[in-house]
Number of protein chains: 2
Amino acid sequence: MTSKPQQASIELGLHASIVSVHQNEPYVVCVSSPKSTSRHSADSLPFGLFTPLAHRTLEIGLRSWVKEQTGLDLGYVEQLYTFGDRGRHAQAGDRDPHMVSIGYLALTHHSEPSQQQVKQRRWYDFFPWEDWRNGPPAIIGKVIEPLLQEWSRRPEEGQTRKRPLGKQERIRFCFGVKGDNWDEEKVLDRYELLYEAGLVAEAAIDGRQAAELWINSPELGRSMSHDHRRILATAMSRMRGKLKYRPLVFELLPSFFTLYELQKTVEAISGSPLHKQNFRRLVEGGGLVEATGEMKKSTGGRPAKLFKFRHVALVERPSPGLRVGASKG
Amino acid sequence: MTSKPQQASIELGLHASIVSVHQNEPYVVCVSSPKSTSRHSADSLPFGLFTPLAHRTLEIGLRSWVKEQTGLDLGYVEQLYTFGDRGRHAQAGDRDPHMVSIGYLALTHHSEPSQQQVKQRRWYDFFPWEDWRNGPPAIIGKVIEPLLQEWSRRPEEGQTRKRPLGKQERIRFCFGVKGDNWDEEKVLDRYELLYEAGLVAEAAIDGRQAAELWINSPELGRSMSHDHRRILATAMSRMRGKLKYRPLVFELLPSFFTLYELQKTVEAISGSPLHKQNFRRLVEGGGLVEATGEMKKSTGGRPAKLFKFRHVALVERPSPGLRVGASKG
DNA sequence: CAATTTATGCTCATCATGAGTATAACTAAT
DNA sequence: ATTAGTTATACTCATGATGAGCATAAATTG
């Protein structure tokens, strides 16, 4: 093992995607950076450097930064991914070329932030094409598809690394064909495709000629500083996938809830409508919840039974989640 | 954002779990550390520090280290997890308290290493309780279960962080009940439980009183240096999970293969036997493979059709994997 | 040729899933 | 009080996927 002399010091950033659901809408906690270089003040994820002297583990470091910046005490926390490439998703204003970022997903109950610069933002503001709860989003057919087609016709630029799929196939892989074959879990793939095609604002800052490409393109979704939107996309992908084999949702709900609230929360995360009766059958049959005996009156209709999460479901079933399949609602 | 003054420099380690399958056995590439402190020379995963000046991305850094240490040119590479806790899984001989490790999974075809200290090791040597291809491993009932029961009766030591499950429930969560409810994907959970119970050799080095606990326990599986066995467990968990919704297996197979070879490779990874006819139905019906027209004669019986992976399957199906269910074989 | 081994085709019962019908129990407006 | 609107909940039904097993084909080994 020849150890290289260049021991360039590295800084490890810890980033939190703090997700909650309020009135059927998923939110993520953002911090506005007032000292933003240009445009409107950009949203950032709560963020801080890992200092091993102060924090025994990465997760402790993350919790402490979040507490300091937002006042929130996190419950469920899960590591997502470590981003280290400087080639892309790096901004001109980035402090240090030796920054590596670890993204985290945190799930909480919704709360209005007390601090000035802390905001709850709807996550579909950042990814409008991901919300299929009311059918295929118009933006896909009207804006995204045509621009991606245009991009796919442009000659390959730069290093053509041996990708298994060509441009056309990647578009179909990510967005399906004519609203068919949509895979809700591919949030990150879609964002990275849009980035590569120069269709999101963040790509315009990137070193490549993306700026020119983007000049005539709409800004697809609200942008974030640095690579934070990519981290958020990773969080969404993870949540949508894990939802199906782990009881994640219950971290977002109060301890007592109706089946309809549970369904609407799942729909909010997965971004697709569900068949009510089948959802009920799935959940009740799956042993994930149990009736509390209490009722909720203020449903707007017939009162609903209140349920609670059965923690023992974890040991009973191999993968206790809500294996839901999208439907016509 | 109050930036703390303690800018303790961090070193980022890149670790590769390089997996291949040879004659129905999964292997992982190990490097023997001759300067190991004690016992037999410990196995390590190929490993190196990330130096941003030398490598543009983390993955490039990893590939370069692996090439240098083992001579291998990696194909498929996937990031697993970033380990940063010093409290556990840290060894006395660890160079630097400020080391953070990123684990990677790499899939290759099998090859015998040319270098002296590079070895191909069967991964079930490290995790003998994970191989259920010939029924429930005897070691579970005879050794693991009794020792875990003993551990569960000992009073909780140290900080009792609000775990959702008690010791008994965790044992059932990880190992099921009487060979039932076994979830092949929980490789990491099981290793971490055994670690916590002081039943793996690595735990004996840990600061806690694990050394005493382990003194009368068998060494469960071959051990590795530092936290490398934990990284390998993460790799196995990831592979067993991802197998079901992504065409991973084909990275381990030659371009032409028989359905039986495909099945045996899947079994090698998942560690459970499969029903031959149903597997065939699943694979052929799923559109993941296509016949090449050629035949393999040296099967030991009737010649078998040779198939190849259909790359386009990626765009056709939402999650193109081998959604196999364990069976009686 | 008989025994063995692997490949491959097909059946069948059961269960999970998607979709829809029907009814119940509440609120709000006429 | 009656009607419309809204949500809750029970059931049915067709279809498809899944687990298990039977049967046959085509090679190898003695």
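Below, chain A is the first sequence line, B the second, and so on; all start at residue 1.
For the pair A:Lys264 and A:Glu261, the salt-bridge criterion is not met [side-chain N within less than 4.0 Å of a carboxylate O]. Electrostatic pairing of A:Glu25 and A:Arg133 counts as a salt bridge here, judged by a charged N lying under 4.0 Å from a carboxylate O.
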Pairwise N/O distances under 3.5 Å, protein to nucleotides 2-4 of chain D:
none

Scan nucleotides 28-30 of chain C against the protein and return all N/O pairs shorter than 3.5 Å with their distances rounded to 0.1 Å.
none

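For A:Arg310, the side chain to side chain donor-acceptor pair (under 3.5 Å) partners two or more places apart in sequence, or in a different chain, are A:Glu316. In terms of the side chain to side chain contact (heavy atoms under 4.5 Å, CB included) criterion, residue partners of A:Arg281 (sequence neighbours excluded) are, by chain and number, A:Asn278. Applying the side chain to side chain contact (heavy atoms under 4.5 Å, CB included) rule to B:Thr265 yields the partners B:Val21, B:Val249, B:Leu252, B:Leu253; only residues at least two apart in sequence or on another chain are considered. The side chain to side chain donor-acceptor pair (under 3.5 Å) test applied to B:Ser237 returns no partner, not counting sequence neighbours. Applying the ring-ring contact (aromatic ring centres under 6.0 Å, His included) test to A:His109 and every residue at least two apart in sequence or in another chain returns nothing. A:Glu145 is linked by a side chain to side chain donor-acceptor pair (under 3.5 Å) to nothing, counting only residues two or more places apart in sequence or in another chain.
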Show the atom names and distances, to 0.1 Å, of all donor-acceptor pairs under 3.5 Å that link a side chain in residues 240-248 of chain A to residues at least two apart or in another chain.
residue  : atom : partner  : partner atom : Å
A:Arg240 : NE   : A:Ile269 : O            : 2.8
A:Arg240 : NE   : A:Ser270 : O            : 3.3
A:Arg240 : NH1  : A:Glu130 : OE1          : 3.0
A:Arg240 : NH1  : A:Glu184 : O            : 2.9
A:Arg240 : NH2  : A:Tyr124 : OH           : 2.9
A:Arg240 : NH2  : A:Glu130 : O            : 2.9
A:Arg240 : NH2  : A:Ser270 : O            : 3.4
A:Lys242 : NZ   : A:Glu78  : OE1          : 3.3
A:Lys242 : NZ   : A:Glu78  : OE2          : 3.1
A:Lys244 : NZ   : A:Glu184 : OE2          : 2.6
A:Lys244 : NZ   : A:Glu185 : OE2          : 2.7

Could you go through residues 169-180 of chain A and list every donor-acceptor pair under 3.5 Å that involves a side-chain atom there, pairing it with any protein atom two or more places apart or in another chain?
residue  : atom : partner  : partner atom : Å
A:Glu169 : OE1  : A:Gly166 : N            : 3.1
A:Arg170 : NH1  : A:Glu196 : OE1          : 3.3
A:Arg170 : NH1  : A:Glu196 : OE2          : 3.2
A:Arg170 : NH2  : A:Glu196 : OE1          : 3.1

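Atom-to-atom, CE of B:Met295 to C1' of C:dT8 comes out at 10 Å; the value is rounded to the nearest Å. Atoms NZ (B:Lys244) and P (D:dT18) sit 13 Å apart, rounded to a whole Å. A:Tyr260 places its OH atom 11 Å from the P atom of D:dT6, with the value rounded to the nearest Å. We find that CG of B:Leu259 is positioned 21 Å from P of C:dT5, with the value rounded to whole Å. Note: CD (B:Gln263) to P (C:dT8) measures 12 Å, nearest angstrom. In this entry the distance linking CG of A:Leu262 with P of D:dA8 reads 12 Å, nearest Å. As rounded to whole Å, 16 Å separates atom C1' of C:dG20 from atom CZ of A:Arg280. In this structure, A:Lys296 atom NZ and D:dA8 atom C1' are separated by 13 Å, rounded to whole Å.
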note = 5' to 3', nucleotides 23-30 of chain D under a 4.0 Å protein heavy-atom cut-off (B base, S sugar-phosphate only, - none) gives --BBB---
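Side-chain to base pairing of B:Arg281 with D:dG19: one donor and one acceptor N or O lie within less than 3.5 Å of each other.
Here the nucleotide nearest the side chain of B:Ala304, chosen from C:dT8, D:dT9, C:dG9, is C:dT8.
Between B:Asn278 and B:Thr258, it is B:Thr258 whose nearest contact on DNA chain C lies nearer the 5' terminus.
Using a 4.0 Å heavy-atom criterion, one finds that A:Leu282 contacts the sugar-phosphate atoms exclusively.
The minimum heavy-atom distance linking B:Arg121 with B:Cys30 is given by the pair CG-SG, 3.8 Å.
Using a 4.0 Å cut-off, some side-chain N or O of B:Lys276 falls inside it from OP1 or OP2 of C:dA7.
Identified under the ring-ring contact (aromatic ring centres under 6.0 Å, His included) test for residues 253-273 of chain A, with sequence neighbours left out: A:Phe250-A:Phe257.
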